[in-house]
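Working notes for the structure below.
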Amino acid sequence: MVNNWLKIIQRNLIPPRCVLCGDTGFADLDLCAGCLGDLPRNLCCCYRCGEPFASELALPSLCGRCLKRSPQFDETYAPYLYRYQMPYLIGQLKFGRDYKNARLLAMLLGEHIAAGAELPELLLPMPLHPKRYRERGFNQSIEIARHLARRFDIPLDFYSAVRSRDTLHQAGLPAKQRLKNMRGAFRLRKTLQADHVAIVDDVMTTGATVSALAGVLKQAGVGRVDVWVCARA
Ligand SMILES: [Zn+2]
Ligand SMILES: [Zn+2]
């Protein structure tokens, strides 16, 4: 409580600063208007997996990959591309433990959600394998999801889904192998009391990991699974 008041007073006395250039923050963001405008948006993309389209298409559209083989999740909200300053903003949170970036990323993602997503009943941050969690000391997806849960008043569940297998690093694996590599990677230790769930993560690459988790949720009876990610690679 005291901590909260201190934060409020601090924010009013010291306006936010841009984490990229040091200028005054824009609209309570730790980012100035210029740097915000420079972030690469992902506006024309596949509504299911968030893959950016090379040319302008009538929306909503599905990408070739989703048409061929649909992932286990239903819709993806990925407002930015994993380019330019996004890897830095996410990397500073993930590896530099810059917690204010979790707030910033959640605000950026939250603006996109507020503009048009149907809100789920439950937010589920992408779980880390316990070994990775021990190494890193925290889960960046939980840190981002915390802010979103508060903003939209949606319960946050970081207990029920477990990453049961420490999967090989996905980067560098071909798409087919990524899917195979993810088999049996997640389990639920508790059934979810929700029909519509959104999985929260920092970045989505091919979607194989999040599809594996969505598959486990669907098998457990969840009707709709959306994906909320800050950036799409
Ligand atoms: Zn700036
Ligand atoms: Zn797609």
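When a ligand or atom number is given, it counts from 1 through the structure's own listing order. Residues take their numbers from the sequence shown, with the count starting at 1. Keep in mind that the numbers below use all heavy atoms, side chains included, and drop hydrogens, waters and symmetry copies.
- Shown are the protein N/O/S atoms under 2.8 Å from the Zn ion (ligand 2), given by residue and atom: C46 SG, C49 SG, C63 SG, C66 SG.
- Both the sub-6.0 Å distance and the 45° axial angle are not jointly satisfied by R48 relative to the ring of F73.
- Checking V229, D202, N101 one by one against I144, the side-chain contact (heavy atoms from CB on, under 4.5 Å) holds for a single residue, D202.
- Judged purely by distance below 3.5 Å, without hydrogens or angles, the side chains of E75 and Y77 pair a donor atom with an acceptor atom.
- Among L124, V162, L217, V222, the single residue meeting the side-chain contact (heavy atoms from CB on, under 4.5 Å) criterion with L188 is L217.
- No more than 12 heavy atoms of other residues, nucleotides or ligands sit less than 6.0 Å from atom CD of Q219.
- Geometry about the Zn ion (ligand 1) gives an angle of 110° between SG of C35 and SG of C21, rounded in steps of 10 degrees.
- R189 places a side-chain N or O within 3.5 Å of a backbone atom of Y159 that can act as its donor or acceptor partner.
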